[in-house]
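Structure first, then comments.
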Protein chains: 2
Amino acid sequence: MQESYCEKKEAILASAMELIAEHGFHGTPTSMIAEKAGVGTGTIYRYFESKDELIYALHKELERKIKKLILDRYNPNDPLRVRFMLLGKVILRYFIDNPNEFRFLEQFVYSPYGIACRREKIFGNNNQDNGNDILKELFNEGIAQQVIREMPVAILHSLFFGPIMSVARDRILGFIELDEAMITRTIESCWNAVKL
Amino acid sequence: MQESYCEKKEAILASAMELIAEHGFHGTPTSMIAEKAGVGTGTIYRYFESKDELIYALHKELERKIKKLILDRYNPNDPLRVRFMLLGKVILRYFIDNPNEFRFLEQFVYSPYGIACRREKIFGNNNQDNGNDILKELFNEGIAQQVIREMPVAILHSLFFGPIMSVARDRILGFIELDEAMITRTIESCWNAVKL
DNA sequence: GTCTCCGGAGTGAACGTTCAATCAAGAATA
DNA sequence: TATTCTTGATTGAACGTTCACTCCGGAGAC
């Protein structure tokens, strides 16, 4: 029972991810999600309160996955530069390998959904440990060691991840090629932007 | 007559820009745009074939404005680094001063609209001279002079403008402060990412 | 039988778009 | 000048469609 419960829920989530990535939030009716998932439209509402809640759930799950990805490969004993290079490569690689998740994330982040979400995360009471703390720590450690420019963490974040997102996008949409060497050089450039 | 013709069209464009920036494409019905513009809903369809056409028109006008902005301040006699610094500052400043246009652009670019638009621009037959050619030339000149890393122009573009967009966003949403000095340092960092 | 889970036709609301009616401002007429 | 005619921009109620969401009948487990 629990098995099939999760199976349907997972099917709905997977279908929604794929369809929204391609057609956008408003180009994918719940009926389409249900059909692709092989369930009735009503079944969606057994697992999610509303379409919005489904979308938030997708985002939450994606964030969890990425956080895990970072934590798995993170080795605090590496030199800072190595840690940054690895971090950048892991994230860029993940998005290249999971284009649907990237395109979903992009649409989410730049929509009113994502803005509200981000605003809450920054100005809300952060009781729980969000994964960004690792990044924040990483930047602060770099500043303390005087290997990273002394700037607000948010700006350093933009300098390092802004290009990664942009390059991932170009790659996923087929506008550029990206071999391993070029990925390395790209992340190097991101590092050059934040290093002292 | 011509006067009032343009006035209404302008009013519709301005209202749409403002409302879409705040509420998103699907959060702003045509009725809302008409009301804010002080016209009947039907009037919109005298000036634009459909809501989609209105949105494309908004994007086109915005692109034109930004292209003009760049051309106005562009001085080919400046050293490359100076040209890049100026370019970055001008664009960042423009977005900070025109948050609605930035938020509209962001939503457009990352939606299925923008993807189709970009795809056409890259793979379509580019008969007309699009303003990006100046950027392309700028990057190529930098590579030829051996002051910029030798990478595909699209990647250099991402490295330089990715962070600018990201920082503009954070600033507009009120997540960071940005004084003149910090803007300069930010654009410096963008330059560091692409320079040799 | 009882209970839980599921499906998909059905519902009402909201939306983009249309169109017959309206109105104002010349042009034509006298 | 006063009056009528013509034109075309403007309007907003109405239309048809689409969509998120509901609800009830049935299937299956026990």
Side-chain angles (χ1 to χ4, degrees), chain A residues 1-61 104 107-108 111-114 116-117, chain B residues 1-61 104 107-108 111-114 116-117:
Chain A
M1 209 41 41
Q2 185 64 11
E3 199 102 35
S4 102
Y5 178 91
C6 281
E7 262 170 30
K8 298 217 172 185
K9 190 172 181 180
E10 292 306 314
I12 292 166
L13 283 167
S15 302
M17 175 67 78
E18 204 166 325
L19 290 168
I20 290 173
E22 186 165 4
H23 302 110
F25 296 124
H26 303 277
T28 68
T30 49
S31 57
M32 205 189 280
I33 295 170
E35 196 183 354
K36 190 178 181 76
V39 302
T41 53
T43 308
I44 290 176
Y45 293 87
R46 195 152 295 285
Y47 300 101
F48 305 97
E49 272 198 0
S50 64
K51 194 187 179 186
D52 278 8
E53 283 304 316
L54 166 57
I55 288 168
Y56 283 123
L58 277 172
H59 178 245
K60 207 168 170 183
E61 208 201 324
F104 168 85
Q107 296 192 59
F108 183 89
S111 73
Y113 291 124
C117 189
Chain B
M1 210 41 41
Q2 185 65 9
E3 198 103 37
S4 102
Y5 178 91
C6 282
E7 263 170 29
K8 296 221 170 181
K9 190 172 180 181
E10 292 306 315
I12 292 167
L13 283 168
S15 301
M17 175 66 81
E18 203 167 325
L19 289 168
I20 290 174
E22 187 165 4
H23 302 109
F25 297 122
H26 303 278
T28 67
T30 49
S31 57
M32 204 189 280
I33 295 170
E35 195 182 358
K36 190 178 182 77
V39 302
T41 53
T43 308
I44 290 176
Y45 293 86
R46 180 157 306 282
Y47 300 101
F48 305 97
E49 271 199 359
S50 64
K51 192 186 179 186
D52 278 7
E53 283 304 316
L54 166 56
I55 288 167
Y56 283 122
L58 277 172
H59 178 244
K60 207 168 171 183
E61 209 202 323
F104 169 84
Q107 296 192 58
F108 183 89
S111 73
Y113 292 124
C117 188

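Below, chains carry the letters A, B, ... as their sequence lines are ordered, and counting in each starts from 1.
Rounded to a whole Å, the CD1 atom of I20(A) is 13 Å from the C1' atom of dA20(D). In this structure, the CG atom of L19(B) is 16 Å from the C1' atom of dC15(C), given to the nearest Å. Computed from coordinates, the I55(A) CD1 to dA20(D) C1' distance equals 11 Å when rounded to whole Å. Protein atom CD1 of I33(B) is 10 Å distant from nucleotide atom P of dT17(C), rounded to whole Å. dT18(D) atom P lies 16 Å from atom NZ of K51(B), rounded to whole Å. Rounded to whole angstrom, the span from the CD1 atom of I12(A) across to the P atom of dG8(C) amounts to 13 Å. Across the protein-nucleic acid pair, E35(B) atom CD and dT11(D) atom C1' stand 14 Å apart, rounded to whole Å. Taking atom CE of residue M32(A) and atom P of nucleotide dC21(D), one finds them 16 Å apart after rounding to whole Å.
Contact check, K8(A) against dC5(C): no side-chain N or O comes under 4.0 Å of OP1 or OP2. A close approach under 4.0 Å does not occur between any side-chain nitrogen or oxygen of T30(A) and OP1 or OP2 of dC19(D). Contact between the side-chain N/O atoms of Y47(A) and the OP1/OP2 oxygens of dC6(C) is found at a separation under 4.0 Å.
Taking the ring pair (Phe, Tyr, Trp, His ring centres under 6.0 Å) definition, one finds that H26(A) meets it with H26(B), sequence neighbours left out.
Distance check, rounded to the nearest 0.5 Å: CD of Q107(A) to OH of Y113(A) gives 11.0 Å. Separation of atoms CD1 (I20(A)) and CE (M32(A)) is listed at 11.0 Å; rounding is to 0.5 Å. Atom CE of M17(A) sits about 14.0 Å away from atom CD of E22(A), to the nearest 0.5 Å.
Closest to the side chain of Y45(A), from the set dT22(D), dT17(C), dC15(C), is dT22(D).
Using a 4.5 Å heavy-atom threshold, the side chains of L54(B) and I33(B) count as touching. Using a 4.5 Å heavy-atom cutoff, the side chains of L58(B) and F108(B) are not in contact.
End-to-end axis angle for the helix from dG1(C)-dC30(D) to dA30(C)-dT1(D), using five pairs per end and rounding to 10°, comes out at 20°.
Within residues 36-44 of chain A, the residues approached by DNA chain C to less than 4.0 Å at the level of any non-hydrogen atom are V39(A), G40(A), T41(A), G42(A), T43(A), in residue-number order.
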